[in-house]
K.L.:
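Quick one: this structure, given as structure tokens, is what I'll be asking you about.
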Amino acid sequence: MKYFFVYILFFNLLLYSQPKEKIDSIAYYSSLSNTNIKDNNYKDALFHTRKAILYAEKNKNIQDQASQHFTLGKLYYDLKKYDDAIESLLKSSNLYATLKPSSNQANIYYYIGLCYMAEHDFENAALHFDKAKSIYTKLKIPDIAELLTLQEGLMYKSQNKLDLALSVFKTIIAKPDHPILADTKAEALYQMGSLEALKNRNNLALSYLNKALDLNSKTENLEQKSNILLALSTLHEKTLDKNNAYSYLKQHLNLKERIEILNDKRLDIDDYTKFRESERLKEIIQADNKNKELQKASRFSKLISILAIALISILSLLSLSLYKNNIIRNQSNLLLQEKNKELEIAKNKAEKASKARAEFLSTVSHELRTPLNAINGITHLLLQENPRETQMDYLTSLKFSGDYLTKFINEILEINKIESHKVQIEHSSFNLKKLLKNIQNSLKELALVNDNRFIFEIDPAIPDYLNGDITKLSQIILNLINNALKFTKSGVVTVIAKLDSKTDKKATIHFEITDTGIGIPEDKLHSVFDSFSQGSIEVNRKYGGTGLGLTIVKKLTKILGGQIKLKSTVGKGSTFSFHLLFEISTQPSRIEIKPKTDDQAKLLNKKILLVEDNKINQMISKKMLERKGITCITIDCGEEAIEAARNNKFDLILMDVHLPGMNGTVATQEIRLFDTVTPIIALTAISLDENRDMLLSFGMNDVITKPFIPEEFYTVIAEYI
Ligand code: ADP
């Protein structure tokens, strides 16, 4: 048993030693305050209630703040400090207003009403009692209603409406007895007694007052008792019952003294003043803090407003400029779209026009070739038939004109092809050093015409085999050398090929063609590359030419990935140069310009099949072949040519490409099915859509373009026979 108590004690210690302040502080302080009220120690009660309020404020607990202000209000009321009480009670009421309606709210109004009653402000009192009443009825707490009825009666009495007051008090005393109602009923009886005494209905008054005293004994309301005793004494004095009058008066005085002692014990007036002052100070500090916070908040909100306004302004400006931008963009978009359409239409027109021009040129040059071939061929034949002296001059002029026209037509066709992007880069392995040697050999005679020294400087470091477009490269170099030899008299023409740089797979070669000829004026250095542009009319008269050679050179160099450069001084000479990049090849060369051989012996007694539909060309070619002792069989369509090739053995076949019915290319393809050995050479007045590679792909060995230059014609045939 002993241990059990020790255990309980220990448990309790443990329980209360916990730091429970946070949860229990309010309850703790308010319980302390209640104890103090009971002990009539209002000084401490006030102190603890204030502590509770501070704590509730710190924790922002509205419910606790409201209830503690109520307690404080009641304390002030008990101390008869009605103004202070009203102030606290209103605070409490305002706090309760933010919470759910409760009986406390009504109680507060009741107390406020009491305060106003005490101050004889009946209007405000009635107002607050009404408020309390409406909440009590709403919450269905009828018992409290008697308290209010009592106050109603008291109000009538104060306003000297004695009969009304009497009837109100009567309703209260008619209620059945109940401990809760004891105090109220006693008060009503006392009030009735006093009123009846006023009306000199002394017996009735005495009866009410006695009943009141009786009922009061069940309460601890000393003030009420003192009032009743005084009223009884006065009444007895009136009825001349001196003994009772004296006895009640004495009781009354004793009681009053006791009450005063009690009240004095409640609170020293200085203490109260001190408390109120500190309370005011606290309020002022709180208000000041609140003010500061408000100022801070207002400053902050001002700042926020300024920032927001700035932000909104920026955003507005931004969206305005975006909007304007958008409009401008849309407008310029529309404008651009229109311009685009116009440009597209113009481009289509230009493309159509350029295509039409290209086709026109192609057709014209093609149509000119066939008759030109006849002119050239017949001139050649006539020149060989021992013409008379006078005829010789005419024929030489005719040959010159024919050659010129041929060159011109070929160059026009070449440019036309390049500009229509019909030119393809062909790739084949070749020996550059050999190619240049061959060119040197073939142009030796031309160099002699103008008494020029013709020098080739070929870098031995250049790899043996390169991969590239040998046809175009030859065309470029031949053109430049031809010009150099043409525009130089008794001078030097030097052709240089130098290895510029080399990697494992690629080599860059520098080409340079220099002469010591007439040179080109500075203002013409650029225009000489334009179509039909020549140095001057005098130059043209003296040297001839078409003005297309350099145009072709420039375009071909560009196609091969290079850029032609020209340096020239009038009277001193010119230098044309360019770089080209080649892949290094390991294969031996396939096509090369062959050195001149003795064709005559090779061609003798050979048998050639000539497939040609144009009778004049047939006659010319046949004659030219027969001149070299060749037997020539002529056939004018592809189908028959296949048969002839199948049934006979020819040393070579010359195949015109454009044949009626079966095309020369298709016929070649057919022949190649049974004969892969006999050389077949294409004869063509090359058009826009034909090129060497395309023709070779059908199985042809080489191509001779019409109108052909007789020497070339024999050379190619001799090469394959
Ligand atoms: P053409 O057929 O007239 O030679 P080109 O296009 O080849 O046409 O040359 C255009 C012009 O450039 C020539 O007429 C000539 O005046 C000038 N020209 C070209 N090469 C040389 C050169 N090596 N020396 C002097 N002038 C040249």
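Just so you know, ligand 1 is whichever comes first in the structure, and atom 1 is the first atom listed for that ligand.
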K.L.:
With heavy atoms only and a cut-off of under 4.0 Å, state how Leu550 meets ligand 1: side chain, backbone, both or neither.
P.N.:
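The part of Leu550 near ligand 1 is both the backbone and the side chain.
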K.L.:
For atom 1 (P) of ligand 1, which of the options Gly547, Ala484, Gly549 provides the nearest non-hydrogen atom?
P.N.:
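Looking at heavy atoms only, Gly547 sits closest to atom 1 (P) of ligand 1.
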K.L.:
Give the contacting part of Asn479 toward ligand 1: side chain, backbone, both or neither, where contact means a heavy-atom distance below 4.0 Å.
P.N.:
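Neither; nothing of Asn479 gets under 4.0 Å from ligand 1.
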K.L.:
Using a 4.0 Å heavy-atom threshold (strictly under), name the region of Asp515 that reaches ligand 1: side chain, backbone, both or neither.
P.N.:
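Near ligand 1, Asp515 shows its side chain, while the N, CA, C and O stay back.
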K.L.:
Check Lys524 against ligand 1 and report side chain, backbone, both or neither, counting heavy atoms closer than 4.0 Å.
P.N.:
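No part of Lys524 is near ligand 1 at this cut-off.
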K.L.:
We want to know whether Asp675 and Thr678 form a side-chain donor-acceptor pair, criterion being a heavy-atom distance below 3.5 angstrom.
P.N.:
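There is such a pair (donor and acceptor under 3.5 Å, judged by atom type) between the side chains of Asp675 and Thr678.
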K.L.:
Heavy-atom distance to atom 27 (C) of ligand 1: which of Phe529, Phe408, Phe487 wins?
P.N.:
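The option holding the nearest heavy atom is Phe487.
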K.L.:
Which ligand 1 atoms, with their elements, are less than 4.0 angstrom from a heavy-atom of Ile518?
P.N.:
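So the atoms of ligand 1 that pass are 25 (C).
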K.L.:
Checking the N or O distance criterion of under 3.5 Å, is ligand 1 in contact with Asn483?
P.N.:
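Looking only at distances, the answer is yes, because the N/O contact criterion of under 3.5 Å is met.
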K.L.:
Look at the rings of Phe511 and Phe578 and say which category their plane angle falls in: under 30° parallel, 30 to 60° tilted, over 60° perpendicular.
P.N.:
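Rings of Phe511 and Phe578: parallel, as their planes differ by under 30°.
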K.L.:
Would Lys506 and Phe582 count as a cation-pi pair here, with the cationic atom under 6.0 angstrom from the ring centre and within 45° of the axis?
P.N.:
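The answer is no; the distance or angle limit is not met.
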K.L.:
Describe, in one word, how the ring planes of Phe456 and Phe454 are oriented to each other, choosing from parallel (under 30°), tilted (30 to 60°) and perpendicular (over 60°).
P.N.:
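Correct class here is perpendicular.
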K.L.:
Run the numbers for me: atoms of ligand 1, each under 4.0 Å from some heavy atom of Leu548, listed by number.
P.N.:
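Answer, ordered by atom number: 6 (O), 8 (O).
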K.L.:
Would Asp464 and Asn431 count as having a side-chain donor-acceptor pair, cut-off 3.5 Å?
P.N.:
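No, Asn431 and Asp464 have no side-chain donor paired with an acceptor closer than 3.5 Å.
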K.L.:
Side-chain donor-acceptor pair under 3.5 Å between Asp500 and Thr508, yes or no?
P.N.:
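There is no such pair (donor and acceptor under 3.5 Å, judged by atom type) between the side chains of Asp500 and Thr508.
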K.L.:
With heavy-atom distances below 4.5 Å as the criterion, would you say the side chains of Ile520 and Leu566 are in contact?
P.N.:
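Yes, side chains in contact.
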